[in-house]
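Reading through the C-alpha cells given below for one structure.
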2 protein chains.
Amino acid sequence: MGVMTGTDRLRQITEAVCEAGSVGVAELARLTGASEMTIRRDLEVLAAQGVLQRYRGGARSLVLRGEGPPFALRSQEGLEAKRRIAAEAAALIADGESVVLDSGTTCLEVARALEGRRVTVMPLSLHAVNVLSGAPEVTLLVPGGRPRPAELALAGPLTEASLAALRFDTAVIGCCGLNAANGLTAYDLDDAAVKRAAIASSRRVIAVTEAAKLTRTALAHVAPVSALHAVVTDTAAPDEETARLTAAGTVVHRA
Amino acid sequence: MGVMTGTDRLRQITEAVCEAGSVGVAELARLTGASEMTIRRDLEVLAAQGVLQRYRGGARSLVLRGEGPPFALRSQEGLEAKRRIAAEAAALIADGESVVLDSGTTCLEVARALEGRRVTVMPLSLHAVNVLSGAPEVTLLVPGGRPRPAELALAGPLTEASLAALRFDTAVIGCCGLNAANGLTAYDLDDAAVKRAAIASSRRVIAVTEAAKLTRTALAHVAPVSALHAVVTDTAAPDEETARLTAAGTVVHRA
DNA sequence: GGCTTACGAACAAAAAAGTTGTTCGTTATG
DNA sequence: CATAACGAACAACTTTTTTGTTCGTAAGCC
C-alpha cells in the first residue's frame, strides 16, 4: 500500500463506517494500519463534523440516505473535474460583472477561480466568503443569513432579503441533481429557496455540476432547465443527457 | 536583544515605516538583524495587508493619521487586557440571550469568550463569524454587508438593513474613543453608522474598551454615554474618567 | 462487586510545514 | 549600458502537527 496521509485515512474510515453502518475501533485500526489511539482521535474529529456517532468500542454512521456526504469529504472528491468546470465557468464571466455565487464544493472552486478578477461577488457560503476576503481585486458582498454547520451555506429570511435587494448580471448555481426531466434540484429545502431567490435576482444563470449529478434528482425542485442559460459540466457527461439539455434551450459546456 | 520572532519583526518594520514615512530595505535589514531577502518577504506580507506600499528599494507607509494601525497589529497589542475585558463582558451575558457583536479586536476576544455558550450572536465582523462558525452551541446569524479589507468589518446598507430587521437583547460595542465629554466615537463613518444601528436594535448596550481609549476621541460620534448601560474596561482606567462615566449613569466594570 | 475492555491524558518520537539565508539569473531604472 | 534591486530555487534550520506508547481511570458486563 502507498503512503497514508491523515485526510486519506479519514476518508477511508468514513467509507468503511458508511458502508457497514457501524465498525469497531480495532477493525478500523487493522484496516488502515494505524494505531487504535489514532483511530480514536480520527473518530473524534468525524463525530465533531457530524459524520458519525461514537459509541464505546466503535462508531456508527450518521450520514442519512437522501442527504449528501459531509462537506469536508465532498470538497476533496473529483477536485480535478471541479477545477476544470470552475475555470470554464469563470471564463464565462466578464470583468466588471456582478455575480451571485451559490454554496457547494463546485461553486467554492469557482470562487478560487475568481480570485484576482475584477468582479463583484456575493457568495452564498462562508467558505467562499473566506476565499474571496483575501482577494483585494474582488468587490465582495456578504449576504445575511444563518450558516448551516460545516456546509456554512447561508439561508433563511435574511439571505432571501439580501438577494431581493440586489440585481446581478450572473448567478452561478450548484445543484444536487440536474436533468432535463426534473430540472435543477437540491437536497435541502432552505437551500432550494435561496437558489430560487438568486436566480430571480439575476439576468443570466449558469449552472455548474459534475457529470454524476446529471443522472440524479434530489428532493427539492429549484428551477426548470429552461431557466438556465448555460450548464458547465465535465467530459464524463453522457451524450444523451447533454442532448436533452441542449434541446431544452441550454448551452452545455464540457470542461 | 532577545529573540526575534516573525510577528515581532513585522511590528518593528511597521513602526519604522510609519515613523519615517518611508524606509529602505537595507536599512530595515540592519535595524532588525534579518537578511534583505527576509525583509522583502515581510514587506510583501505587509503590502498585501494594506499597511504599506512597496517601491523599488524600500516601502512607504500607507497608514494615514486619524486612522488606527492595521488590524493584524492591533489584535496582538494588549491581548492580556482584552481577554480579561472580554471575559467580564461575556459574564454579563446570560444563556439564551441574543447578542449583536461589534467589529474590532476587543469584540473579537468577546467572540472567543462566547464559544461554547448557548447564545444567539450576530457578529459585525467576519473575523468573529469565523471564530463562531466552529462553535456548535452558538446560534450564529450573519449580517449582510461589504467587508472592509483586513478589518473585515461589515458595513453598508445591507448591514443596516439586517440590523433593522432584528431586535437583540444586548449589543456589545467596541470603540476608538470613549469619554463622558464626547461619548462613544469611531474613526470610520460607515462603521459609526453600523454601531448606531446595532445600538438602536438592542435593549441593552455594553461598551468594551481598553483604558487607553478613555482618553481619546475619534472623528465620528456614535452615541452619548447615557446610551450605554455598562462599560467594561481594564484596571488601568483612570479614576477621574470612570467617575465621570458613572456620574453619566453608566455602570463601569474594571477587569 | 469484581473483571474486562475501552478510553483519554501525558509524554516521546517522527513527520510535515513553515522560516530564514544563500546563490544566481532576471528585470527595472537612471 | 551599468548598477542595484528583485525574486525564484534550494538547503539548513525551526516550529508545529501527527502518531504511537504507556498508564491510570472509568464504563460496561457478568
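Naming convention: chains lettered A, B, ... in sequence-line order (proteins, then strands); numbering from 1 in each chain. All values reported here derive from a predicted model rather than from experimental measurement.
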Write down the distance between [atom1] ([X]) and [atom2] ([N]), rounded to a whole number of angstrom.
X	N	atom1	atom2	answer
A:E44	C:dA9	CD	C1'	12 Å
B:E36	D:dC6	CD	C1'	10 Å
A:L10	D:dT17	CG	C1'	14 Å
A:I13	D:dT18	CD1	P	14 Å
A:I39	D:dG20	CD1	P	8 Å
B:R54	C:dA28	CZ	C1'	13 Å
A:Y55	C:dC7	OH	P	10 Å
B:R30	C:dG21	CZ	C1'	18 Å

- prompt: Got a salt bridge between A:E44 and A:R41, using NZ or NE/NH1/NH2 to carboxylate O under 4.0 Å?
  reply: no
task: First locate atom CG of B:L92, then atom CD1 of B:I206, and finally report the distance between them rounded to the nearest 0.5 Å.
output: 4.5 Å
Closest heavy-atom pair and its distance - [X], [Y]:
X	Y	answer
B:I173	B:A198	CD1-CB, 4.1 Å
A:K195	A:G174	NZ-O, 3.4 Å
A:A29	A:E36	CB-CG, 4.0 Å

- prompt: Would you say a side-chain N or O of A:R40 is under 4.0 Å from OP1 or OP2 of D:dG20?
  reply: no
- prompt: Which comes earlier along DNA chain C counting from the 5' end, the contact point of B:A34 or that of A:G57, where each point is its nearest nucleotide?
  reply: A:G57
query: Could you write nucleotides 21-30 of chain D as a row of B, S and -, 5' to 3', where a protein heavy atom under 4.0 Å of any base atom gives B, of only sugar-phosphate atoms gives S, and otherwise -?
result: B----BBS--
Quick one: does [X]'s side chain have a donor or acceptor within less than 3.5 Å of a partner on [Y]'s backbone?
X	Y	value
A:S98	A:D169	yes
B:R254	B:A237	yes
B:H127	B:A150	yes

statement: The bend of the helix from C:dG1-D:dC30 to C:dG30-D:dC1, taken between the axes of its five terminal pairs at each end and rounded to 10°, is 50°
- prompt: Between B:S162 and B:T159, is any side-chain donor less than 3.5 angstrom from a side-chain acceptor?
  reply: no
task: Would you kindly say whether A:T32 and A:Q12 are connected by a side-chain donor-acceptor distance under 3.5 Å?
output: no
More than 12 heavy atoms of other groups within 6.0 Å of A:R118 CZ: no
Taking only N/O atoms, report every protein-nucleotides 2-4 of chain C pair under 3.5 Å with atom names and distance.
none

